[in-house]
Amino acid sequence: MRKTITDIQQMKVRGEPIAMLTAYDATIAALFDAAGVPMLLVGDSLGDNVLGFSSTVPVTIEDMVRHTAAVARGAQSALIVADMPFLTYATLEMAVAAARRLMQEGGAQAVKLEGGQAMVPIVRRLVECGVPVMGHLGYTPQSVHLFGKVRVQGRSAAAARRMIEDALALEAAGAFALVLELVPAQLAAAITERLRIPTIGIGAGPHCDGQVQVFTDILGLRDDFKPRHTRRFAELAPLIRSAVAAYVAAVGERSFPTAEHSSRMDEAELREALEGLS
């Protein structure tokens, strides 16, 4: 049975940490589901982790619907949250249309959007329409061109207070959970203490109700990128390169495939098929 919003919120009540991972396809989603991940994020981070872009900005609603549907087919138990891509929730009408596609066509159980108090009318309208919404504060990747570079947010007293106010406003608007990205650990703890809804941290310290990571980071699939806020639980890139090099070598020396990997047909049937051919 698939996890529900209530299941995730009850984890906070019980003091049970919430593990969340990104997923972008059915195969990975099925593996993570089998491992017991309660919540999967089909993040627009697929832009720079799957599609080859330098940021999340070029990701379209069509991209998100397609990848969300793949994850929904692969995971049978995890709650699936889909990112609303850049500029798909600039107005109430656009937000409702994008959420409809992510849920009806993509099979998501919830959507995530970035921003603070300016997003309150959007969150409220989506919740009124029956759409569970996860908020996202701190460093918001869709605003990369405003930030200039990836950096921790909320270090000054004024910025920290604004973030607390944003978090409370999103909760009041009906958000069921809140991602805190690249936020000082003390501030993340203060926000978590003040909210009834779960906080999910990424680069926000150990005091959030849960953690989310991009799976390519924790599995070591990229040699060129290792953010400070992640831990490598495996180093799969060298293993994959080694396995693929062995495959290439086996094909080159004709040691693969062998009879063990091949099918056979009746020799008489083959002779009949070849009869009369040059």
Side-chain angles (χ1 to χ4, degrees), residues 8 11-12 16-24 32 37-50 53-57 59 81-84 86 112-116 119 134-168 170-171 175 177-195 197-235:
I8 299 302
M11 292 178 75
K12 177 183 175 93
E16 181 180 347
I18 304 162
M20 187 179 191
L21 277 174
T22 63
Y24 313 112
F32 293 172
V37 181
M39 190 160 51
L40 294 175
L41 172 64
V42 188
D44 57 2
S45 51
L46 75 91
D48 44 349
N49 285 279
V50 175
F53 297 123
S54 61
S55 74
T56 66
V57 172
V59 176
V81 182
D83 265 335
M84 304 265 279
F86 181 62
K112 181 171 75 64
L113 52 76
E114 299 178 1
M119 293 297 108
M134 176 179 282
H136 186 151
L137 295 176
Y139 178 75
T140 48
Q142 291 177 11
S143 301
V144 60
H145 296 304
L146 289 176
F147 288 126
K149 65 177 182 177
V150 178
R151 66 180 73 189
V152 173
Q153 301 296 308
R155 279 184 161 147
S156 72
R161 186 176 183 86
R162 280 195 303 271
M163 198 177 302
I164 293 171
E165 292 171 346
D166 284 343
L168 291 169
L170 290 171
E171 179 182 65
L178 179 64
V179 168
L180 297 174
E181 180 167 358
L182 298 187
V183 173
Q186 308 98 305
L187 175 56
I191 292 172
T192 300
E193 289 171 2
R194 284 163 172 77
L195 296 184
I197 61 175
T199 58
I200 310 295
I202 176 168
H207 305 299
C208 294
D209 298 303
Q211 301 293 326
V212 62
Q213 289 286 315
V214 176
F215 86 86
T216 53
D217 293 339
I218 70 163
L219 297 182
L221 287 170
R222 294 179 58 181
D223 295 325
D224 61 333
F225 185 62
K226 185 178 180 181
R228 177 184 176 185
H229 61 258
T230 197
R231 181 201 295 179
R232 291 286 176 84
F233 289 83
E235 291 287 355

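Any value given below was found using the heavy atoms of this structure, including those in side chains, with hydrogens, waters and symmetry copies removed. The chain is numbered in sequence order, starting from 1.
How far CG of Asp83 is from NE2 of His136: 8.0 Å, rounded to the nearest 0.5 Å. With rounding to the nearest 0.5 angstrom, the CE atom of Met20 is 12.0 Å from the CD atom of Gln211. Note that NZ of Lys226 is 5.5 Å distant from CZ of Arg232, once rounded to the nearest 0.5 Å.
Residues Ser55 and Val144 share a closest heavy-atom pair of CB-CG1, 4.2 Å. Across all their heavy atoms, Ala19 and Pro38 have their closest contact at O-CD, 3.0 Å. When all heavy atoms of Ala188 and Val183 are compared, the pair lying nearest together is N-CG1, 3.9 Å. The two residues Ala23 and Phe32 come nearest to each other via the heavy atoms CB-CD1, 4.4 Å. The nearest pair of heavy atoms linking Ala175 to Gly135 is CB-N, 4.4 Å. In terms of heavy atoms, Val37 sits closest to Leu21 at CG1-N, 4.0 Å.
Residue pairs meeting the salt bridge (Lys or Arg N to Asp or Glu O under 4.0 Å) criterion with at least one member in residues 154-164, sequence neighbours excluded: Arg161-Glu165.
Annotation: side chain to side chain contact (heavy atoms under 4.5 Å, CB included) contacts of Ser54 (sequence neighbours excluded): none. Listed by chain and number, the residues in a salt bridge (charged side-chain N to carboxylate O under 4.0 Å, His left out) with Glu114 amount to none (sequence neighbours excluded). For the ring-ring contact (aromatic ring centres under 6.0 Å, His included) test, residues two or more places apart in sequence or in another chain that qualify with Tyr139 are Phe147.
Residues Pro141 and Asp44 are not in side-chain contact: their nearest non-hydrogen atoms beyond the backbone lie 4.5 Å or more apart. Contact of the Met39 side chain with the Met11 side chain is not registered, since no non-hydrogen atoms from C-beta on lie closer than 4.5 Å. Looking only at side-chain heavy atoms (C-beta outward), Leu170 and Leu137 come within less than 4.5 Å of each other. Between Leu178 and Leu180 the shortest side-chain heavy-atom distance falls below 4.5 Å.
Arg231 CZ: 12 or fewer foreign heavy atoms inside a 6.0 Å radius.
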Report task. Applying side-chain contact (heavy atoms from CB on, under 4.5 Å), run through Leu168 and Leu195 and close with a yes or a no. Result -> CA-CA 7 Å; Leu168 291 169; Leu195 296 184; 3.8 Å; yes
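Under the side chain to side chain contact (heavy atoms under 4.5 Å, CB included) rule, Glu171 has a single partner from Ile197, Asp166, Ile191, which is Ile197.
Formation of a donor-acceptor pair under 3.5 Å by the Gln153 side chain with backbone atoms of Thr140 is not found in this model.
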Could you list the donor-acceptor pairs under 3.5 angstrom formed by side chains in residues 212-219, with sequence neighbours left out?
from   : atom 1 : to     : atom 2 : distance (Å)
Gln213 : OE1    : Thr230 : OG1    : 2.7
Gln213 : NE2    : His229 : O      : 3.3
Thr216 : OG1    : Asn49  : OD1    : 2.7

Determine all donor-acceptor pairs shorter than 3.5 Å in which one atom belongs to a side chain in residues 199-210; sequence neighbours excluded.
from   : atom 1 : to     : atom 2 : distance (Å)
Thr199 : OG1    : Thr192 : OG1    : 2.7
Thr199 : OG1    : Asp209 : N      : 3.1
Thr199 : OG1    : Asp209 : OD2    : 3.3
Asp209 : OD1    : Lys12  : NZ     : 3.4
Asp209 : OD2    : Lys12  : NZ     : 2.6
Asp209 : OD2    : Thr199 : N      : 2.9

